[in-house]
Amino acid sequence: MKFQPALPSFTVSDPEALKTEYAAAEDFAPARIGTRHLFFKSGFRTCYLPLDQITRVFRRVEIVNARMGCCNNGLPMESVVLCGEAEQELVQIRTQTERMSKALLAALETACPNAASGYVRDPKQKSAIRHV
């Protein structure tokens, strides 16, 4: 299996060590948490991110409009967001259910004790809706 860094600055010198860490990592369906790295799938690639580079983790729920039969409904899309230095979003990992998001978030909180947990809203933002 070939591993690719989540960002080009996160290269590792020993790819064999990544293989052994990936095999021993704890599996949380969309991601795996090893001793020093977080592994996740992005398309057909397996990416890695050093745990010490994560400064904040939080859960994001986005409502997506979907047409179901004769009406439109809003479906919640769950994801776990990992931020790095200067609160820059590094990775957004999609999960299938709220339960999976909360389990991954709890595991990341224990694996990254230096990372803060929870979303901090910009003081200029007046509502919970984020405009991109």
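Numbers here are sequence positions counted from 1.
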Against Cys112, only a single residue in Leu38, Ile54, Ile33 fulfils side-chain contact (heavy atoms from CB on, under 4.5 Å); can you say which?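 Answer to the side-chain contact (heavy atoms from CB on, under 4.5 Å) test with Cys112 among Leu38, Ile54, Ile33: Ile54.
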
The criterion is ring-ring contact (aromatic ring centres under 6.0 Å, His included); which residues satisfy it with Phe58, sequence neighbours excluded?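 Applying ring-ring contact (aromatic ring centres under 6.0 Å, His included) to Phe58 gives Tyr119.
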
Can you find a heavy atom in the side chain of [X] that is under 4.5 Å from one in the side chain of [Y]?
{"X": "Lys41", "Y": "Pro30", "result": "no"}
{"X": "Leu49", "Y": "Val91", "result": "yes"}
{"X": "Glu78", "Y": "Arg94", "result": "no"}

Using a distance-only test with no angle check, is there a side-chain donor-acceptor pair under 3.5 angstrom linking Lys2 and Thr46?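 Not at all, the side chains of Lys2 and Thr46 share no donor-acceptor pair under 3.5 Å.
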
Can you confirm whether or not the ring centre of Tyr22 sits under 6.0 Å from the ring centre of Tyr48?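 Tyr22 vs Tyr48: aromatic centres not under 6.0 Å.
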
Quick check: are there more than 12 heavy atoms from other residues, nucleotides or ligands sitting under 6.0 Å from CZ of Arg36?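 Counting other residues, nucleotides and ligands, CZ of Arg36 stays at 12 neighbours or fewer.
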
Got a sec: does the CD of Gln96 have more than 12 other heavy atoms crowding it under 6.0 Å?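 No.
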
Cation-pi geometry met for Arg32 and Phe40 (6.0 Å, 45°):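 That pair does not qualify as a cation-pi contact.
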
For the pair Glu85 and Arg56, find out whether any cationic side-chain nitrogen is under 4.0 Å from an anionic carboxylate oxygen.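 Salt bridge absent between Glu85 and Arg56.
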
Shortest non-hydrogen contact from Ser79 toward Ser101: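 For Ser79 and Ser101, the tightest heavy-atom pair comes out as N-OG, 4.1 Å.
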
For Glu26, give me all partners under side-chain contact (heavy atoms from CB on, under 4.5 Å), at least two apart in sequence or on another chain.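 side-chain contact (heavy atoms from CB on, under 4.5 Å) check on Glu26 returns Phe28.
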
Can you list everything that forms a salt bridge (Lys or Arg N to Asp or Glu O under 4.0 Å) with Arg45? Sequence neighbours excluded, please.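 None.
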
Taking only residues two or more places apart in sequence or in another chain, which ones pass side chain to side chain donor-acceptor pair (under 3.5 Å) with Glu21?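 Side chain to side chain donor-acceptor pair (under 3.5 Å) check on Glu21 returns His37.
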
In chain order, what residues pass the side chain to side chain donor-acceptor pair (under 3.5 Å) check against Thr55, with sequence neighbours excluded?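 With sequence neighbours excluded, Thr55 shows a side chain to side chain donor-acceptor pair (under 3.5 Å) to no residue whatsoever.
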
Selection residues 64-75 - residue pairs positive for side chain to side chain donor-acceptor pair (under 3.5 Å), sequence neighbours left out: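 Qualifying pairs, neighbours excluded: none.
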
Would Arg60 and Met77 count as a side-chain contact (heavy atoms from CB on, under 4.5 Å) if you check the C-alpha gap in whole Å, the side-chain angles of each, and the deciding distance to 0.1 Å? CA-CA 8 Å; Arg60 178 179 288 160; Met77 295 291 289; over 6 Å; no

Hydrophobic cluster membership, Val61 vs Leu108, 4.5 Å side-chain cutoff: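 No: no chain of side-chain contacts under 4.5 Å links Val61 to Leu108.
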
